[in-house]
**Q** 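What follows is a structure written as structure tokens; I'll ask about it next.
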Number of protein chains: 2
Amino acid sequence: MQAVEALVTQGMPIKRGDALYRAGEPFKALYAVRLGFLKTSVISEDGREQVTGFHMSGDLMGMDAISGDRHTCDAIALEDSEVCELPFSDMEKLSRQIPALQRHFYKVMSREIVSDHGVMLLLGNMKAEERVAAFLLNLSRRFQTRGYSSTGFHLRMTREEIGSYLGLKLETVSRTLSRFQDQGLIKVQNRLIELTDVCALKQVLNNEQGA
Amino acid sequence: MQAVEALVTQGMPIKRGDALYRAGEPFKALYAVRLGFLKTSVISEDGREQVTGFHMSGDLMGMDAISGDRHTCDAIALEDSEVCELPFSDMEKLSRQIPALQRHFYKVMSREIVSDHGVMLLLGNMKAEERVAAFLLNLSRRFQTRGYSSTGFHLRMTREEIGSYLGLKLETVSRTLSRFQDQGLIKVQNRLIELTDVCALKQVLNNEQGA
DNA sequence: CGGCTTCTTGATCCTCTTCAAGGGTGGTGG
DNA sequence: CCACCACCCTTGAAGAGGATCAAGAAGCCG
């Protein structure tokens with residue numbers, strides 16, 4: 001594990017709005033988020049943007065670039081952030097020597113695939129309210145895992161970016177948040193979110209009537 | 001490479017309708033499709049199915065299971081198929097000894113992630129016609145890669161399964177195919193598809209008017 | 001403070017879903 | 001070999017959910 005830490009020498013700061021990498025750039029390294037918040041998005045040939053993920057401390061980014069030796073999406077910092085650069089060729093070598101590391105890598109990539117399948121389920125099957133509820137609960141869980149409050153947090157992304165991720169227009173996101181607030185499920189004050197009834201949110205997700 | 005082939009001893013037949021694996025089953029092996037056609041799908045807590053992929057010869061399946069040591073989706077054969085079982089622990093060991101194999105694995109998993117991002121773009125941004133066009137062109141390309149005709153092929157899945165994959169209802173899929181046929185882009189005869197105007201299909205995808 | 005981006009909310013429109021019915025196809029068993 | 005049955009597909013009509021268009025308000029940054 002020392003060997004791993006030797007690689008991740010110094011943190012690399014990314015200012016809000018700046019790109020960690022962009023689609024088309026040659027692949028050199030993976031990046032572990034140390035601090036901050038980033039989004040990744042792909043752009044279709046005709047210019048439509050799809051946000052493919054939001055990333056926070058502990059997340060590993062750039063795995064999409066392994067297959068084609070080029071990044072396939074843009075990674076943009078949504079707030080001032082810091083990442084560790086993990087040169088991929090070094091990681092490969094090291095993971096051959098350290099079975100646990102190799103396994104870890106496989107698992108991280110696998111988790112990404114599973115997570116993407118979850119998003120596909122969301123995009124393919126869910127209604128707007130369910131999508132937004134799923135989004136809030138997912139964020140909540142991830143903040144909790146990192147030791148932050150699971151019920152009160154600051155959204156780092158715009159309504160438009162949420163909408164892009166969820167396959168909705170920004171107006172729909174805004175309306176849905178307002179409706180949740182009217183129903184007493186959450187409190188919204190611009191980008192400040194408080195989940196006041198997590199159970200009810202989960203019921204929205206599971207399509208349960210107020211039984 | 002001999003060592004790899006030693007692992008993949010005999011093919012394992014899967015009859016149409018049978019499951020190669022099911023969500024929740026413990027993870028033992030990855031599977032390389034030798035022959036045939038399968039689908040994978042995840043089921044939400046409240047029972048909705050989302051088809052996450054269609055798989056044909058050469059595809060590697062089961063990578064979602066690495067992260068949690070359990071399969072997270074069902075894999076069902078849509079026609080009589082044959083797969084090779086690749087015990088994962090063996091593959092791990094071997095990939096430590098053979099750098100090219102390790103790299104290959106990383107690439108395959110990365111490709112899966114990239115492909116999923118493409119589906120997210122499709123589900124999040126595209127209209128029904130664009131989705132169906134993208135679907136047909138994707139199948140076309142994959143058949144071509146495998147040496148089959150890129151313009152005439154047999155769909156192994158039902159309209160409902162296509163719809164689930166594309167985030168549409170089966171009626172919408174059926175209507176869209178009919179419309180494409182009326183417009184002279186394709187010929188449909190039940191599950192037999194012929195692409196008669198690939199260029200026009202690509203224009204549908206890119207949202208171009210008949211300029 | 002001023003300008004800009006972002007957010008909210010309303011009204012209308014459009015696409016896809018839902019509901020419904022009929023017809024076709026393939027597979028099975030007599 | 002033919003008939004039957006279950007499943008699948010097509011098509012129509014009505015309805016709903018979200019998109020689009022539009023305007024104004026609020027927050028943020030320089």
Side-chain angles (χ1 to χ4, degrees), chain A residues 15-18 37 39 48-51 76-80 122-136 154-183 186-193 204 207, chain B residues 15-18 37 39 48-51 76-80 122-136 154-183 186-193 204 207:
Chain A
K15 273 213 285 277
R16 174 182 158 174
D18 284 356
F37 206 90
K39 70 166 177 177
R48 286 175 283 193
E49 178 188 27
Q50 171 73 33
V51 171
I76 310 286
L78 297 180
E79 63 177 1
D80 291 352
L122 179 147
L123 291 171
N125 276 296
M126 295 190 185
K127 299 210 178 299
E129 292 202 345
E130 301 173 305
R131 297 186 196 193
V132 175
F135 172 71
L136 292 174
H154 185 104
L155 298 178
R156 268 69 175 206
M157 69 294 279
T158 67
R159 303 286 191 263
E160 186 169 17
E161 286 160 340
I162 298 173
S164 172
Y165 182 62
L166 298 178
L168 302 170
K169 292 298 161 185
L170 69 97
E171 294 96 326
T172 305
V173 174
S174 178
R175 273 186 248 273
T176 305
L177 289 175
S178 297
R179 205 173 317 135
F180 282 169
Q181 180 166 242
D182 293 346
Q183 294 167 351
I186 65 176
K187 279 185 190 161
V188 190
Q189 191 172 33
N190 214 22
R191 300 202 182 175
L192 222 55
I193 297 281
V204 170
N207 216 2
Chain B
K15 273 212 286 275
R16 175 183 157 173
D18 283 356
F37 206 90
K39 69 166 178 178
R48 286 174 284 192
E49 178 188 27
Q50 171 72 32
V51 171
I76 310 287
L78 296 181
E79 64 177 2
D80 291 352
L122 179 148
L123 291 171
N125 276 296
M126 294 188 184
K127 298 208 180 299
E129 291 201 346
E130 301 173 306
R131 297 187 195 192
V132 175
F135 172 72
L136 293 174
H154 185 105
L155 298 177
R156 268 67 175 208
M157 69 295 278
T158 67
R159 302 287 190 262
E160 186 167 17
E161 286 161 338
I162 298 173
S164 172
Y165 181 63
L166 297 178
L168 302 170
K169 293 298 160 184
L170 69 97
E171 293 96 327
T172 305
V173 174
S174 178
R175 274 186 248 272
T176 305
L177 289 175
S178 298
R179 206 172 317 133
F180 282 168
Q181 179 165 244
D182 292 346
Q183 295 167 350
I186 65 176
K187 279 185 191 161
V188 191
Q189 191 173 33
N190 215 20
R191 300 201 181 175
L192 222 54
I193 298 281
V204 170
N207 215 2

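Below, chain A is the first sequence line, B the second, and so on; all start at residue 1. It should be emphasised that the depicted structure is a prediction, and the values quoted were computed from it without experimental measurement.
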**Q** Which is more 5' along DNA chain C, the nucleotide nearest A/Lys127 or the one nearest A/Asn190? Just name the residue.
**A** A/Asn190

**Q** Which part of the nucleic acid, if any, lies within contact of A/Gly167, taking any heavy atom under 4.0 Å across all strands shown: a base, the sugar-phosphate backbone alone, or nothing?
**A** sugar-phosphate

**Q** Taking OP1 and OP2 of D/dC29, is either one under 4.0 Å from a side-chain nitrogen or oxygen of A/Arg16?
**A** yes

**Q** So which nucleotide from D/dG17, D/dC29, D/dG12 ends up closest to the side chain of B/Arg175?
**A**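 Closest of the options to the side chain of B/Arg175: D/dG12.
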
**Q** Once you round it to whole Å, what is the distance between P of C/dT17 and CZ of B/Arg48?
**A** 14 Å

**Q** Between B/His154 and B/Arg156, what is the shortest heavy-atom contact and its length?
**A**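 What the structure gives for the nearest pair is O-NH1, 3.1 Å.
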
**Q** Looking only at non-hydrogen atoms, find the nearest pair between B/Lys15 and B/Ala77 and report the distance.
**A**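 Result for this residue pair: O-CB, 3.6 Å.
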
**Q** Ignoring hydrogens, what is the shortest heavy-atom contact between B/Tyr165 and B/Leu123? Give both atom names and the distance.
**A** O-CD2, 3.8 Å

**Q** Please give me the minimum heavy-atom distance between B/Gln50 and B/Ser164, naming the atom from each residue.
**A** NE2-O, 2.9 Å

**Q** What is the separation between atom CD on A/Glu160 and atom P on C/dC7, rounded to the nearest whole Å?
**A** 9 Å

**Q** Tell me: CG of B/Leu192 to C1' of C/dG26, nearest whole Å?
**A**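 Atom CG in B/Leu192 sits about 14 Å away from atom C1' in C/dG26.
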
**Q** What pair of heavy atoms forms the shortest contact from A/Arg159 to A/Leu177, and how long is it?
**A** NE-CD1, 3.6 Å

**Q** Could you tell me the separation between the CG atom of B/Leu177 and the P atom of D/dC9, rounded to a whole number of Å?
**A**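 After rounding, the gap between these two atoms is 10 Å.
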
**Q** Below 3.5 Å, does any donor atom in the side chain of B/Glu161 face an acceptor in the base of D/dC8, or the other way round?
**A**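 Result: no qualifying N/O pair found.
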
**Q** Starting at atom CD1 of B/Ile162, determine the distance to atom P of D/dC9, rounded to an integer number of angstrom.
**A**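 Taking CD1 of B/Ile162 and P of D/dC9, I get 7 Å after rounding.
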
**Q** Closest to the A/Arg159 side chain: C/dT9, C/dC16, C/dT8?
**A**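 Nearest to the side chain of A/Arg159 among the choices is C/dT8.
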
**Q** Without decimals, in angstroms, what is the distance between B/Asn125 CG and D/dA19 C1'?
**A**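 Atom-to-atom, B/Asn125 to D/dA19, this comes out as 13 Å.
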
**Q** Using the C1' atoms of five pairs at each end, what's the angle between the two axes of the helix from C/dC1-D/dG30 to C/dG30-D/dC1, to 10 degrees?
**A** 50°

**Q** As a quick check of understanding, evaluate side chain to side chain contact (heavy atoms under 4.5 Å, CB included) for B/Leu166 and B/Thr172, giving each step before the final call.
**A** CA-CA 10 Å; B/Leu166 297 178; B/Thr172 305; over 6 Å; no

**Q** Taking N and O atoms by type only, does the side chain of B/Arg191 place a donor or acceptor under 3.5 Å from a partner on the base of C/dG26?
**A** no

**Q** Quick check for you: among C/dC19, D/dT10, D/dT20, whose closest atom lies nearest to any side-chain atom of B/Glu171?
**A**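 Of the candidates, C/dC19 comes closest.
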
**Q** Mind running side chain to side chain contact (heavy atoms under 4.5 Å, CB included) on A/Ile76 and A/Asp18 for me, showing each step along the way?
**A** CA-CA 6 Å; A/Ile76 310 286; A/Asp18 284 356; over 6 Å; no

**Q** In this structure, how many angstroms lie between the P atom of C/dC16 and the CG atom of B/Leu123, rounded?
**A** 13 Å

**Q** Choosing from D/dG27, D/dC9, C/dT18, which nucleotide comes nearest the side chain of B/Lys169?
**A** C/dT18

**Q** If I compare all heavy atoms of B/Thr176 with all of B/Glu129, which pair ends up nearest, and what's the gap?
**A** CG2-CA, 3.9 Å

**Q** Between D/dA19 atom P and A/Leu170 atom CG, what is the distance in whole Å?
**A** 10 Å

**Q** Using a heavy-atom cut-off of under 4.0 Å over every strand shown, decide if A/Arg131 touches base, sugar-phosphate, or nothing.
**A** nothing

**Q** Given D/dA19, is OP1 or OP2 found less than 4.0 Å from the side-chain N or O atoms of A/Thr172?
**A**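 Checking A/Thr172 against D/dA19: at least one side-chain N or O falls below 4.0 Å of OP1 or OP2.
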
